Asker: 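The following block contains the structure, expressed as structure tokens.
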Amino acid sequence: MAMNSVGRGDTRPQADMASPPVATFTGNRGLQMEEGLIFEQGQDGRTAVDLPEPKTAELRIGNVKPRTSIGLPGLSEPQVIRHYTRLSQKNYAIDAGLYPLGSCTMKHNPRLNEAMARLPGFADIHPLQPISTVQGALEAIDSLADWLLKLTGMAAVAMSPGAGAHGEQCGMIAIDAALEARGDKRKRVLVPESAHGTNPATAAALGYAVEAIPATEDGRVDLEALKAKLGPDVAAIMLTNPNTCGLFERDIVEIARLVHEAGALFYCDGANFNAIVGRVRPADLGIDAMHINLHKTFSTPHGGGGPGAGPVVLSEALAPYAPASAVVRGPNGFTLVEHAEGASFGRMKAFAGQMGMFTRALTYILSHGADGLLQASSDAVLNANYVLASLKDTMSAAYDGPCMHEALFDDRFLKDTGVTTLDFAKAMLDEGYHPMTVYFPLVIHGAMLIEPTESESKEAVDLFIATLADLARRAKSGDAEHFTAAPRLTPRRRLDETAAARKPVLRWRPTEQLDEAAE
Amino acid sequence: MAMNSVGRGDTRPQADMASPPVATFTGNRGLQMEEGLIFEQGQDGRTAVDLPEPKTAELRIGNVKPRTSIGLPGLSEPQVIRHYTRLSQKNYAIDAGLYPLGSCTMKHNPRLNEAMARLPGFADIHPLQPISTVQGALEAIDSLADWLLKLTGMAAVAMSPGAGAHGEQCGMIAIDAALEARGDKRKRVLVPESAHGTNPATAAALGYAVEAIPATEDGRVDLEALKAKLGPDVAAIMLTNPNTCGLFERDIVEIARLVHEAGALFYCDGANFNAIVGRVRPADLGIDAMHINLHKTFSTPHGGGGPGAGPVVLSEALAPYAPASAVVRGPNGFTLVEHAEGASFGRMKAFAGQMGMFTRALTYILSHGADGLLQASSDAVLNANYVLASLKDTMSAAYDGPCMHEALFDDRFLKDTGVTTLDFAKAMLDEGYHPMTVYFPLVIHGAMLIEPTESESKEAVDLFIATLADLARRAKSGDAEHFTAAPRLTPRRRLDETAAARKPVLRWRPTEQLDEAAE
Amino acid sequence: MRYLPLTDDDRKGMLARIGVSSVDALFADVPEAARRKGKIEGLPDHAGELDVERQMKALAAKNMPAGSVPFFVGAGAYRHHVPAAVDHLIQRGEFLTSYTPYQPEVSQGTLQYLFEFQTQVGLLTGMEVANASMYDGSTGCAEAVMMANRVTRRSRAILSGGLHPHYAEVTRTQARWTNFTAIDAPADVEGKEDLAALVDDQTSCVVVQNPSVYGHVRDLSALAEACHAKGALLIVVVTEVVSLGLLTPPGEMGADIVVCEGQGIGNALNFGGPYVGLFATREKYMRQMPGRLCGETVDADGKRGWVLTLSTREQHIRREKATSNICTNSGLCALAFTIHLSLLGEAGLTKLARINHATAIAAADRLAKVPGVTVVNDSFFNEFTLRLSRDAASVTETLAARNILGGVPVSRLIAGQPQLNNLLLVAATETTTDDHIEALAAALKEIL
Amino acid sequence: MRYLPLTDDDRKGMLARIGVSSVDALFADVPEAARRKGKIEGLPDHAGELDVERQMKALAAKNMPAGSVPFFVGAGAYRHHVPAAVDHLIQRGEFLTSYTPYQPEVSQGTLQYLFEFQTQVGLLTGMEVANASMYDGSTGCAEAVMMANRVTRRSRAILSGGLHPHYAEVTRTQARWTNFTAIDAPADVEGKEDLAALVDDQTSCVVVQNPSVYGHVRDLSALAEACHAKGALLIVVVTEVVSLGLLTPPGEMGADIVVCEGQGIGNALNFGGPYVGLFATREKYMRQMPGRLCGETVDADGKRGWVLTLSTREQHIRREKATSNICTNSGLCALAFTIHLSLLGEAGLTKLARINHATAIAAADRLAKVPGVTVVNDSFFNEFTLRLSRDAASVTETLAARNILGGVPVSRLIAGQPQLNNLLLVAATETTTDDHIEALAAALKEIL
Ligand SMILES: Cc1ncc(COP(=O)(O)O)c(C=O)c1O
Ligand SMILES: Cc1ncc(COP(=O)(O)O)c(C=O)c1O
């Protein structure tokens, strides 16, 4: 590894010296702090904001009573800062290490994007200000939309969905609307077995019977099976491409042809668009709708679970059905269509979309440019194939390469070791790695889906590979306990999820209430 | 403790379960990452900035050769972010825990101050822009100066010194200049034994013989000894008040009288001004000069060692000698005197001072207001006395209370335990506490100087007290090994300072150079 | 490219290990016809920070920030002062750049704040349980109706005429395409509607907003009883979360589901998003909730910790049988909310709400004195409706030209109802000064 | 008060444990005469964030930010683009709110970056060792002279006429009060001074700036030789650190001590501070250096780590025998420097320097065409001197009135030398656009 070939005394690649058990009074372990709930730290009357007295004590709240007590804890600012700083220190993050969660695209989140999203001209404008006072915001949305259209080759884009699943819903409603418009109500939606859970959930919510399409040996849609399932009551296929096994659907053009021939429409789950940006225009594959997770492909930060944004690109056939709000470029500047007009199917969300995500994504896109986006997807695919090639003999690859942006392994290499995929993942935590996505896609036994992304250096990927290889050797060598007892070096060890679900405790309650409840 | 009386399952006060030793391949331990030097991660041609091509390749650099190689490593932005994020995770900080470093005043650093200092109107202005374009900056400096003058009651303030020690130098030069102006060159400066190292260092640099004033049993200047030392060749006394033992110099008014009587001047080290802000005006004590560490009393962040700012307030007698640059309020706005005029002794530093610290301190001061500053110093003193009262029987207090903002202990309670002050401090690291200041002031054996500051809640101070009491009990119980082996849970265990000093390695060098050097 | 660490040498070495000669070879599965040679046309190449910053600032400069002018715009998004601590903390990489807490051992930070968030939402709304957030209030509203349909096994929802029109549209869109019926009550400008009469034993739920989009504040207890009498649920929508610092919470009025737009605490206006939907209900409906839930448990050493729980409701486990398709939610906005609310605490939130109310009273009283202006409301929290002597949309444009953002014309929200054209929604918060109110009053006096 | 966690109940309980009845009792040691009763007069009480923010923003609004106008001001402080990553990282609480790394086991983050900083400074300046920072370049300059005095046991320093006048003043002030002699060479506007002749065997050092304050770039090798021949040291001052990306470093020219203002990398203009002084020397003088030093070592487990070292030079150990009284230095600014330089790397810094130089060439060539303007310099890095047809100070005021910050009149730096009154220092960096240059040229054409 380059990073260790120079310098001296770098301790990284050495095995860590085991230190003896140490008990502490506080429960803290050096810089790893124990921290109670915010509710356990409150005191009456204390607050971390200084506010002036209200100008009047008068109340004009009709027949509603003013509230007497809420139950919120009172803390000072230093306490709140410390509390959330400590909580943050219990999290893994891209900023701190490789985060190879397949399908989730944990790539670098540039801080420039954060700074730009916080310009008062973007952050401090209201969605219902007069249109004349938000021309820059509309232009930014329009620019981003223009990039998305050019990169996908599609006819239109609905910007408002709040995340990928919301985008799926938007796209599928558009398909519904188009079918309805031609008086052709259909009943079934075809979804590969390997699909992300949001696909069947979305289709089912719209009242469709969801039918699984099986996969071939090599991890793609079984074309013959698909043909057999297609028919006049199939409304759409929902296909992820590159698919959730990290593979490009080789027959996708043919699939599109067959789907259209059957009078159905083609919804493409674009969560993995990041593998092909700049290299393949989805329009050229024959799709009708695709959501783009700005929080994956265009790097708006995941933020511990959100927010995201899921604009949906649409074909000519679906464009008329796009929901409000929509930005329109006109001769005298930009306007915002805020009411569903014409064939528009309605509205997905209040206001005009996840503006804060748009500014970040646009900043990311302008920074990369056409050449950079192409290089990014190339590097993402290169890194994944490098992992696949380097580990396929040590671990067990689900499919031969080449893969796209993520490499899929199964648990055959753990056979008879007493180590499960979950154990293997937990041992990675002790090594300072967030595990890959595990047990997804469901079609692969003990699946491990590794997406390094383009943000990782070769040095980092090399160390990751070496670590996984070492763990695999260790598992095979019979040291199952190293895995089943893992993690042991994390802020918490394995958590009892069964107990959590059996008698759910979803919120803190003051002791008195708990006692009452127990009575 | 209030925070544990409600809620349930809070693990904080329990003793931590010891976990078995675990070796890892990476050397990482869960979220605690190993990280090499930036120089060990570079690759040629890689950079984390994208710059356009220069408009011309022409060089106009006279007879100087353009540089061919520097030796800097090339990294991408994600690598740099990760590197410094990981480094930060190896640091203790106020944000993460109680930081009771006596004399250092590790109080809460409000983020509002950071935000205000970064307003382009403050951060993006040049010190040599036309004065008409920086009126707001000069007004901010003037406002801060006004607060400092009102809080101290002094006649003038020199704003430019870069930190406390620089302020000392400024004040002592002013004293020098005043003495010189009256044709009265003197040779000696009196400094208490307990003084901070910067005091004698400053006096010595100005060519003075530094003479120690002994302390009384109760930790104050020995008035009789002082009288004996005062004489016509004494230029000044440098006295910290509250002093470095955390005590108010009871006789300070008398001391000032005696010093002045002897024709000398009174330099007060104001590092501990935070104990008395709003309660005592130093002018009323009879001092002639005092620096104020904005990075202590007024909470500009310490930043791992700086920057700070050390404005010096001056008496009428010294005011004429203040250095450039100085802000002057005039009928047509503010002006900046940039050249030493009249009796001014010169210039301490380029430009007009640590503006970025001024804006932070002013924000802090405006936030607190006169009432809040008084409450802050009251709470600081209360917290310290609470620690003193709570631990004086478990540990050994150097002096009886009341103390000011910090409580001083010695190592008598560790007698015959085999545990030193240093060991005790290192055991605190395992408990998640930064130790107090140790072995300072030098006059106290094995000194432990605890300054909780006003930013700590009673709950936090209670847990701190309980932890120290537990450690003290543990030490007395004969478990010396727990201390001598500490710390064991920190990113590094005890570091070999002797080896570091014996053959100093002050920078990284590429392996080739090291090999050459070894030959 | 500053974000890409691989060097050309790296790439060569890696291709060699893979055993292909170029990256193109890795894309062999792409049908020939769909492979693009060279870059996609019409798009610029990469740009440095300075350059991108200039482009983005140029766009930002074409907008009129709320903070730069007298500002009275609300109608579902409110400008409150967010302490600097909030933005500092949510930008810590450990929060910002982490994923959904699927590996709880290294995600306790996220999980614990979600648990705190759920608790805060429960306390604020007066409900028993809350989820870990929805995209925003409007999507939460639609999800609430779908949940009510599941709980009651009915499919007729009644939407109040005081419900924010965008919320109603989102819910109607859901209704239309996921097959339930949404009955719209007429615009309730005066705040006098009585929906109880519409509730029958086909009704799954009544959705009512409090304060209503026109600002009226009402006790909903009677409506709740009417709903419950017919086996329907009462869904209460709150678009201004700060109001919960002053008003009896929906939970105490008998609400079964409370949906709230949480933006007002911790989050900037952001031209409409990202925001954060609060979603709370009674314990007995817990398993019908959409979205993620964080629950308490213990680890292998017996220490308290948190995990995502009850995920058998969710799409990634339950797939086509999930309670909702939501996956990514509003995590970081929820964190901002949680931190801001922790800073406020009981005393702070209560006072903040009082200040908002007092400021709005001052604004209403001052504006009522302007000829051509009538205040419609008897009751309100921090927003009320004005009836102007002429078209409100053109008035707001005229005000904007004078650098005053004077409110939201109702016609902006509801198209095609000319009788609403003169109505203007005016909001005031703790950021509104006397000078702002005076400026608006003076300008209106001239314009009307 | 939001920053104070103690409640009145807390205070009561604590006083009880202490055994006093009031906090006042804790101040019993304060002489009666000096005790103030009640608050200090004439000062306002505490204020909330919103209020303070308004006050501070009002002040900020009275300044003209460099980024808002064509900007050519330099003379010791330079406006460069600092990547957003820098400010993000230095605001992490673990860096921002930590103290000097006195407990190395929990300060490895700070120590490691200081070690990296020292290495970077060594590489940039071409010197062997560097310290962990000084307040800024000017104080570093004075410290360098005092160090040279210690090393040579002499006390006569020669200050170049090309040295920044503030640096010269700071050094002269030190000289005057710490008893050494500083000999000022006359202002070297043309960049032709020859100091070698002044060096004698009483000379402790020659202090020369490169590029000089007038912008001239010179090879100092001959001067270094002349110094060494007489047993004197050559101190080279660099006020624009970015120049080290293009020019042969002082170390290669034979400098013994290099002092550099590091602001230009990583740090904003900040109206003059805080900045960061870089201080480097030869290994043999290591123990004579002022300031903190970070050194490599191992821990009890044999792992590499870092500590503050050689502190026997420093005031806290050595007291009156210390090499300097410096304690607090410029830690966080050094971190900003280190991060920015890590982002730049070899390729980035080199290119950045080239861009600066090329932009300055373009500016010089364009301005030279303006009637009434003569470019004084044959050589420069990114700043040069113009001789105008009239008083430069009034010209900059006129430019400012037209929203152009056109440079620094030499008379602002050196008072009382009328022959310098028409000289204007003009700097250009990567942030300077063609439009800016054109705007300045056009305005000068009208004004002159
Ligand atoms: C393949 C796939 N489809 C859809 C989604 C849903 O996207 P979101 O989480 O943005 O709703 C995901 C996200 O995890 C995904 O990986
Ligand atoms: C008592 C005392 N005096 C002087 C100083 C020096 O201040 P600075 O570090 O700002 O130079 C300190 C700082 O530690 C101090 O505690």
Side-chain angles (χ1 to χ4, degrees), chain A residues 47-49 54-56 62 71-72 74 87-88 90-95 116 119-121 123-124 126-128 130 133 136 162-163 165 197 200-202 204 210 248 284 303-308 339 346-347 350-351 354-356 369-372 386 389 402 457-458 490 492-493 500 505 507, chain C residues 5 10 14 18 26 29 34 39 43 45-46 56 59-60 62-65 73 93-94 97-98 100 105-106 108-110 119 123 135 138 166 169 173 268 270-274 295-297 299-300 305 309 315-316 319-320 322 325 328-329 331-332 343 345-348 354 358 379 400 408 415:
Chain A
T47 169
V49 297
K55 286 194 204 90
T56 168
L72 295 169
L87 291 197
S88 77
K90 299 173 194 297
N91 270 4
Y92 197 91
I94 312 174
D95 277 5
M116 294 301 98
L119 292 172
D124 195 24
H126 191 287
L128 297 173
T133 67
T202 303
V210 176
F248 196 92
D284 298 339
H339 301 284
R347 169 178 285 282
F351 313 128
Q354 305 281 71
M355 187 69 196
D371 57 339
Y386 184 64
S457 67
K458 178 169 179 298
T490 46
R492 282 293 177 271
R493 299 190 55 201
V505 178
R507 60 179 281 193
Chain C
D10 289 338
M14 294 165 80
I18 298 166
L26 301 174
D29 288 328
K39 284 179 310 191
L43 296 171
D45 276 351
H46 71 277
M56 294 303 289
L59 289 174
K62 294 182 192 166
N63 302 319
M64 185 186 287
V73 190
E94 294 88 337
T97 75
S98 61
T100 306
E105 298 87 351
V106 291
Q108 286 297 303
T110 297
T119 306
L123 290 168
Y135 304 130
S138 69
H166 282 196
E169 282 169 33
T173 301
N270 277 327
F271 196 59
E296 184 178 315
T297 187
D299 81 348
T309 192
Q315 46 73 27
H316 66 283
R319 301 177 74 85
E320 63 268 27
N325 75 343
T328 291
N329 58 16
L332 203 71
L343 289 165
E346 179 96 5
R354 292 266 177 170
S379 73
V408 180

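Note that the structure is a prediction, hence the values are computed from the model and not measured. Throughout, a chain's letter reflects where its sequence line sits, starting with A, and its residues are numbered from 1.
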Asker: Could you check which of C:Ser379, C:Ala400, C:Gly305, C:Gly295 has the highest count of heavy-atom pairs closer than 4.5 Å to chain A?
Answerer: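 The residue among C:Ser379, C:Ala400, C:Gly305, C:Gly295 with the greatest pair count is C:Ser379.
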Asker: Is chain A contacted by the side chain of C:Ala34, its backbone, both, or neither, given a heavy-atom distance below 4.5 Å?
Answerer: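 The answer is both parts of C:Ala34.
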Asker: Against chain C, work out which of A:Gly74, A:Ser88, A:Gly71 has the most heavy-atom pairs shorter than 4.5 Å and name it.
Answerer: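 If we count pairs closer than 4.5 Å to chain C, A:Ser88 comes out on top.
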Asker: Side chain from CB out, backbone as N, CA, C, O: work out which of these in A:Leu119 comes under 4.5 Å of a heavy atom of chain C, or both, or neither.
Answerer: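 A:Leu119 touches chain C through side-chain heavy atoms alone.
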Asker: With chain A, which of C:Lys62, C:Glu105, C:Met14 has the greatest number of heavy-atom pairs at distances under 4.5 Å?
Answerer: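 Winner by heavy-atom pair count: C:Glu105.
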Asker: Select, from A:Gly356, A:Ala123, A:Gly372, the one with the greatest count of heavy-atom pairs under 4.5 Å involving chain C.
Answerer: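 Option with the top pair count is A:Ala123.
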Asker: List in chain and number order the residues that pass ring-ring contact (aromatic ring centres under 6.0 Å, His included) with A:Phe351, two or more places apart in sequence or in another chain; answer none if no residue qualifies.
Answerer: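 ring-ring contact (aromatic ring centres under 6.0 Å, His included) list for A:Phe351, sorted by chain: C:His164, C:His166.
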Asker: Pick from C:Leu26, C:Val408, C:Thr100, C:Thr110: which one has the most heavy-atom pairs with chain A under 4.5 Å?
Answerer: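 The residue among C:Leu26, C:Val408, C:Thr100, C:Thr110 with the greatest pair count is C:Leu26.
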Asker: Find the one option among C:Gly331, C:Gly345, C:Ala268, C:Ala322 whose heavy-atom pairs under 4.5 Å with chain A are most numerous.
Answerer: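 Top count of heavy-atom pairs under 4.5 Å with chain A: C:Gly331.
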Asker: About how many Å separate CG of C:Asp299 and CZ of A:Arg493, when rounded to the nearest 0.5 Å?
Answerer: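 With rounding to 0.5 Å, CZ (A:Arg493) is 7.0 Å from CG (C:Asp299).
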Asker: With chain A, which of C:Thr297, C:Asp10, C:Ile18, C:Asp29 has the greatest number of heavy-atom pairs at distances under 4.5 Å?
Answerer: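 Top count of heavy-atom pairs under 4.5 Å with chain A: C:Asp29.
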Asker: Got a donor-acceptor contact below 3.5 angstrom from the C:Asn325 side chain to the A:Thr202 backbone?
Answerer: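 A pair under 3.5 Å: no.
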Asker: In terms of heavy-atom pairs under 4.5 Å with chain C, which of A:His126, A:Gln354, A:Lys55, A:Lys90 leads?
Answerer: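 The candidate making the most pairs under 4.5 Å is A:His126.
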Asker: Between C:Thr309 and chain A, which part of the residue has a heavy atom less than 4.5 Å away: side chain, backbone, both or neither?
Answerer: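 Looking at C:Thr309, just its side chain touches chain A.
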Asker: So which residue, C:Gly109, C:Gly348, C:Ser138, ends up with the most heavy-atom pairs under 4.5 Å with chain A?
Answerer: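 Highest number of heavy-atom pairs under 4.5 Å: C:Gly109.
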Asker: Any idea which of A:Gly62, A:Ala93, A:Gly162 has the most non-hydrogen atom pairs under 4.5 angstrom with chain C?
Answerer: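 Most heavy-atom pairs under 4.5 Å with chain C: A:Ala93.
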Asker: Donor-acceptor pair, distance only, cut-off 3.5 Å: does the side chain of C:Thr119 make one with the backbone of A:Arg507?
Answerer: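 A pair under 3.5 Å: no.
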Asker: Would a 4.5 Å heavy-atom cut-off, applied to side chains only, mark A:Pro307 and C:Asn329 as touching?
Answerer: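 In short, these two side chains do not touch, never coming nearer than 4.5 Å.
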Asker: Looking at every heavy atom in both C:Tyr135 and A:Ala163, which two are closest together, and how far apart are they?
Answerer: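 Minimum heavy-atom contact is CE2-CB, 3.5 Å.
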Asker: Using a 3.5 Å distance criterion without hydrogens, assess whether the side chain of C:Glu346 forms a donor-acceptor pair with backbone atoms of A:Leu72.
Answerer: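 Judged by distance alone, yes, a pair lies under 3.5 Å.
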Asker: Which residues pass the side chain to side chain contact (heavy atoms under 4.5 Å, CB included) test with C:Ala347, not counting sequence neighbours?
Answerer: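 With sequence neighbours excluded, C:Ala347 shows a side chain to side chain contact (heavy atoms under 4.5 Å, CB included) to A:Thr47, given in chain and number order.
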Asker: Return the option, out of A:Thr490, A:Ile94, A:Asp371, with the maximum number of heavy-atom pairs under 4.5 Å with chain C.
Answerer: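 That would be A:Asp371.
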Asker: To check you understand the geometry: which heavy-atom pair defines the closest contact between A:Pro54 and C:Ala358, and what is its length?
Answerer: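 Closest approach of A:Pro54 to C:Ala358, heavy atoms only: CB-CB, 3.9 Å.
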Asker: Drop me the distance from C:Asn270's CG to A:Met355's CE, to the nearest 0.5 angstrom.
Answerer: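 Interatomic distance, C:Asn270 CG to A:Met355 CE, rounded to 0.5 Å: 8.5 Å.
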Asker: Which one, A:Gly305, A:Ala389, A:Gly369, A:Gly346, leads in non-hydrogen pairs under 4.5 Å with chain C?
Answerer: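 With the most close heavy-atom pairs to chain C, the winner is A:Gly305.
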